[in-house]
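One structure is given here, and the rest of the page talks about it.
What you see is a predicted model; the values in this text were computed from it and never measured. Residues take their numbers from the sequence shown, with the count starting at 1.
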Amino acid sequence: MIDEMKINAIQREKYLSEGYWKDITLLDCWKESVKKYSEREYVVDDRGNRYTYRQMDEAASKVAAFLRKQGVLPGDAVSFQLPIWSEFVVVTIACFMTGAVAHPIAMSYEEKELIRSMNLTESKVYFGPSFFHKTDYASRILAVRERIPSLSCVVIAGGEKPEGNGVLAFTEIMDQADTEKPEIRRTGEDLALILCTSGTTSGTKGVLLTHNNIRYSEEVFTRELGLTSEDIMFMPAPLNHATGFHHGIIAPMLLGAKVVLQQKFKCPEAIHIMNREKCTYSMGSTPFIYDILKYLEKEGGSLESLKFYLCGGAPVPGDMVLRASAFGICLCEVYGSTESVPHVFVRPWETLTQKERTSGRPLEGIQVRVVDEQGRAVPPGIVGEEISRGPNVFVGYLKDREETDRVLTDDGWFYSGDLCVMDEAGNIRIVGRKKDMIVRGGENLNSNYIDEALEGCPGVADHAVIGMPDERLGERICAYVVPEQGVCVGLDQVLSYMKEKHVPKRYWPERLEQIKEIPRTGSGKVKKYLLLEDLKKRG
């Protein structure tokens with residue numbers, strides 16, 4: 001995988017000379033935190049598990065010893081499809097200990113996505129739950145196991161394991177005594193993580209991130225937020241996303257701080273947990289804080305210790321910032337992507353002083369430009385594409401050099417595909433996307449994939465999919481269809497078709513509108529802005 005990394009030599013020397021990149025790994029950082037904060041709590045989850053730094057070190061050491069016995073070598077990928085559980089953190093730290101590359105998988109991934117992503121990474125070991133939220137994950141991974149040649153062992157957590165060769169229970173690993181820690185020498189420029197993200201095509205892409213990428217991102221982010229080892233984070237967002245992984249696992253670890261996990265977000269319980277654990281900050285997509293504020297306004301109560309909430313995934317409405325401030329919470333918008341992990345944000349002390357809502361300005365060491373179609377910088381106030389360059393920017397897509405070269409230039413600029421406006425002070429405001437993405441509850445859903453899934457639906461002559469604005473989730477999925485002559489097509493009919501085709505439920509349209517003709521350009525591209533205008537008129 002190291003051969004696929006795309007790093008500009010001049011930028012590399014700059015990052016090294018300025019101390020942004022260092023010859024230390026996340027394992028080195030972990031060891032330092034264990035040494036300094038041995039008896040301080042690191043991870044608490046809502047299943048009753050609590051780990052100090054020392055206890056987490058011991059648990060991860062057992063998993064690391066197991067991985068070595070399975071033949072996992074430095075640079076090999078380890079896949080894990082785990083909920084927001086403490087086991088997710090245990091496996092992550094174990095990967096650092098063995099020099100393996102962590103490959104967390106979304107809980108929403110079904111058979112086809114599992115096969116594709118694990119064959120892409122050539123994973124040797126898979127960790128997953130037995131059963132979670134009405135889904136039998138153990139049966140799912142065993143059903144596809146034979147189609148993943150590299151996979152030698154399946155580990156089941158949180159329930160009964162199915163019988164079969166090469167299947168272990170997580171508790172069996174925890175019961176072993178082997179915690180030997182052989183010296184693993186990796187560098188800051190080695191790969192540490194592969195995060196899967198939706199692309200402009202229907203498939204997922206493996207985003208390659210080094211130890212330096214991740215460490216720098218979180219060191220500068222926590223420093224600019226003024227966080228310390230006394231801070232306690234509440235993390236309700238999936239840990240397989242950059243938000244959960246970087247800010248929920250790595251940031252507290254670097255500080256010697258604590259993270260509190262909730263496996264499935266439920267508003268009243270979340271408020272109770274945050275007050276019980278005295279959480280000082282949180283981060284996630286808009287729906288989390290939307291539900292919290294709505295509950296507090298209706299039912300009363302407060303978040304006694306929460307100083308600020310970092311909100312990403314969609315622009316934050318100005319009235320929500322004011323509503324949060326009424327409860328003493330600074331609501332700060334954050335902007336970024338898996339490839340360039342949140343690199344722009346509104347500082348907490350600036351949330352109420354901004355004349356106009358923005359996503360903020362860049363972090364130290366990260367450059368942001370707004371450019372036209374030819375890559376030329378546009379003046380403040382003019383719409384263009386947001387691009388970024390810095391020590392945090394990913395180093396390529398796994399086994400996809402063509403896509404890497406499309407978005408990551410030879411001189412290190414990542415083209416986000418997002419349209420924005422920059423003001424005179426360097427703050428940016430996102431106004432749209434060049435990508436055909438629907439951001440629903442912080443998750444990127446490819447509208448092209450949904451459109452393709454609609455193809456062949458009985459009674460549908462033509463169709464197009466757009467994201468419709470939603471106060472809570474940011475966007476929802478709306479399908480426009482042109483019915484065949486004399487036919488009336490309903491949403492239930494479309495959803496039944498999607499179900500028959502085994503399209504994952506998160507891609508199912510939530511609203512359907514009939515139209516006489518899909519508006520298109522001369523080259524056949526859908527004029528989605530016209531559909532959005534039509535949607536507003538329909539209400």
Side-chain angles (χ1 to χ4, degrees), residues 45-46 83-84 107-108 133 232-239 241 243-244 247-248 259-335 342 345-346 348 350-352 354 356-360 429-430 438-445 467-478 505-506 508 510-511 535-536 539:
D45 69 23
D46 62 347
I84 309 172
M107 297 301 293
S108 57
H133 192 49
I232 301 171
M233 166 174 248
F234 174 70
M235 176 49 70
L239 300 177
H241 289 174
T243 295
H247 307 310
V259 60
V260 179
L261 307 175
Q262 186 182 29
Q263 60 181 323
K264 185 165 179 57
F265 180 74
K266 294 178 181 177
C267 189
E269 290 87 342
I271 292 170
H272 171 72
I273 292 168
M274 283 189 273
N275 284 330
R276 183 191 71 201
E277 300 296 331
K278 296 180 171 56
C279 295
T280 59
Y281 75 111
S282 183
M283 184 171 185
S285 56
T286 313
F288 297 124
I289 191 65
Y290 177 94
D291 287 354
I292 287 169
L293 293 177
K294 188 175 180 181
Y295 183 89
L296 292 175
E297 289 164 349
K298 183 180 179 181
E299 304 295 335
S302 65
L303 286 167
E304 299 149 14
S305 306
L306 203 71
K307 297 182 292 187
F308 52 84
Y309 182 93
L310 303 161
C311 195
V316 177
D319 70 314
M320 193 179 287
V321 174
L322 295 174
R323 288 167 59 199
S325 70
F327 293 95
I329 302 167
C330 285
L331 184 54
C332 313
E333 187 168 330
V334 178
Y335 168 75
F345 79 106
V346 178
E350 297 175 348
T351 51
L352 295 176
Q354 282 192 340
E356 293 185 9
R357 298 258 49 86
T358 77
S359 296
R429 177 170 55 89
I430 305 301
I438 296 171
V439 184
R440 185 187 188 282
E443 182 179 18
N444 290 340
L445 301 175
M468 59 180 179
D470 182 81
E471 187 180 17
R472 179 174 181 268
L473 295 177
E475 289 181 311
R476 290 183 185 270
I477 303 168
C478 177
K505 196 170 184 178
R506 66 186 187 279
W508 292 7
E510 296 159 281
R511 177 171 172 173
L535 196 62
K536 287 179 184 177

Practice prompt. Measure the shortest side-chain to side-chain distance between T358 and V346 over non-hydrogen atoms and say whether it is less than 4.5 angstrom.
Written response: yes

Worksheet item: R440 side chain to L445 main-chain N or O, any donor-acceptor pair under 3.5 Å?
Response: no

Discussion item. Going by the rule ring pair (Phe, Tyr, Trp, His ring centres under 6.0 Å), which residues pair with F234 if we only count those two or more places apart in sequence or in a different chain?
Written reply: none

Item to complete: Calculate, to the nearest 0.5 Å, the distance between atoms CZ and CG belonging to F327 and L293 respectively.
Response: 6.5 Å

Worksheet item: In Å and rounded to the nearest 0.5 Å, what is the CD to CD distance from Q262 to E277?
Response: 11.5 Å

Practice prompt. Only counting residues at least two apart or in another chain, list the ones meeting salt bridge (Lys or Arg N to Asp or Glu O under 4.0 Å) with D46.
Written response: none

Discussion item. Ignoring hydrogens, what is the shortest heavy-atom contact between A324 and L331? Give both atom names and the distance.
Written reply: CB-CB, 3.9 Å

Discussion item. A side-chain contact here means heavy atoms from C-beta on lying under 4.5 Å apart; do D45 and I84 qualify?
Written reply: no

Worksheet item: Closest heavy-atom contact between P236 and F288?
Response: O-CZ, 3.7 Å

Worksheet item: Has the side chain of D470 got a donor or acceptor atom that lies under 3.5 Å from a matching backbone atom of I477?
Response: no

Worksheet item: Aromatic rings Y281 and F308: how do their planes relate, parallel, tilted or perpendicular, breaks at 30° and 60°?
Response: tilted

Worksheet item: Say you draw a straight line from NZ of K294 to CE of M320; how long is it, rounded to the nearest 0.5 Å?
Response: 11.0 Å

Worksheet, complete the sentence: For S302 and I271 the tightest heavy-atom approach is O-CG2, 4.1 Å

Discussion item. Are the side chains of R511 and R476 in contact, using a 4.5 Å heavy-atom criterion?
Written reply: no

Discussion item. How close do L296 and G301 get, counting heavy atoms only, and between which atoms?
Written reply: CD2-C, 3.8 Å

Item to complete: First locate atom CD1 of I329, then atom CD1 of I289, and finally report the distance between them rounded to the nearest 0.5 Å.
Response: 5.0 Å

Discussion item. Do M274 and S305 have side chains that approach each other closer than 4.5 Å (heavy atoms only, starting at C-beta)?
Written reply: no

Worksheet entry | For the student: nearest non-hydrogen atoms of L473 and P287, plus distance | CD2-CG, 3.4 Å

Worksheet item: If you measure from CG on L310 to CD on E333, what distance do you get to the nearest 0.5 Å?
Response: 11.0 Å

Worksheet item: S282 side chain to Y309 main-chain N or O, any donor-acceptor pair under 3.5 Å?
Response: no

Worksheet item: M468 and C478: which non-hydrogen atoms are nearest, and at how many Å?
Response: SD-CB, 3.9 Å

Worksheet item: Is the shortest heavy-atom distance from the side chain of T351 to the side chain of S325 under 4.5 Å?
Response: no

Worksheet item: Is there a side-chain contact between I292 and L303 (heavy atoms, below 4.5 Å)?
Response: yes

Worksheet item: Between atom NE2 of H272 and atom NZ of K266, what is the distance when rounded to the nearest 0.5 Å?
Response: 13.5 Å

Discussion item. Side chains of E443 and S108, heavy atoms from C-beta outward: is any pair under 4.5 Å?
Written reply: yes

Item to complete: Please answer whether the main-chain N or O of N275 pairs with a side-chain N or O of E304 as donor and acceptor at a distance below 3.5 Å.
Response: no

Practice prompt. Give a yes or no on whether R429 atom CZ has more than 12 heavy-atom contacts from other residues, nucleotides or ligands under 6.0 Å away.
Written response: no

Worksheet item: Would you say P342 and H247 make side-chain contact, with heavy atoms under 4.5 Å?
Response: yes

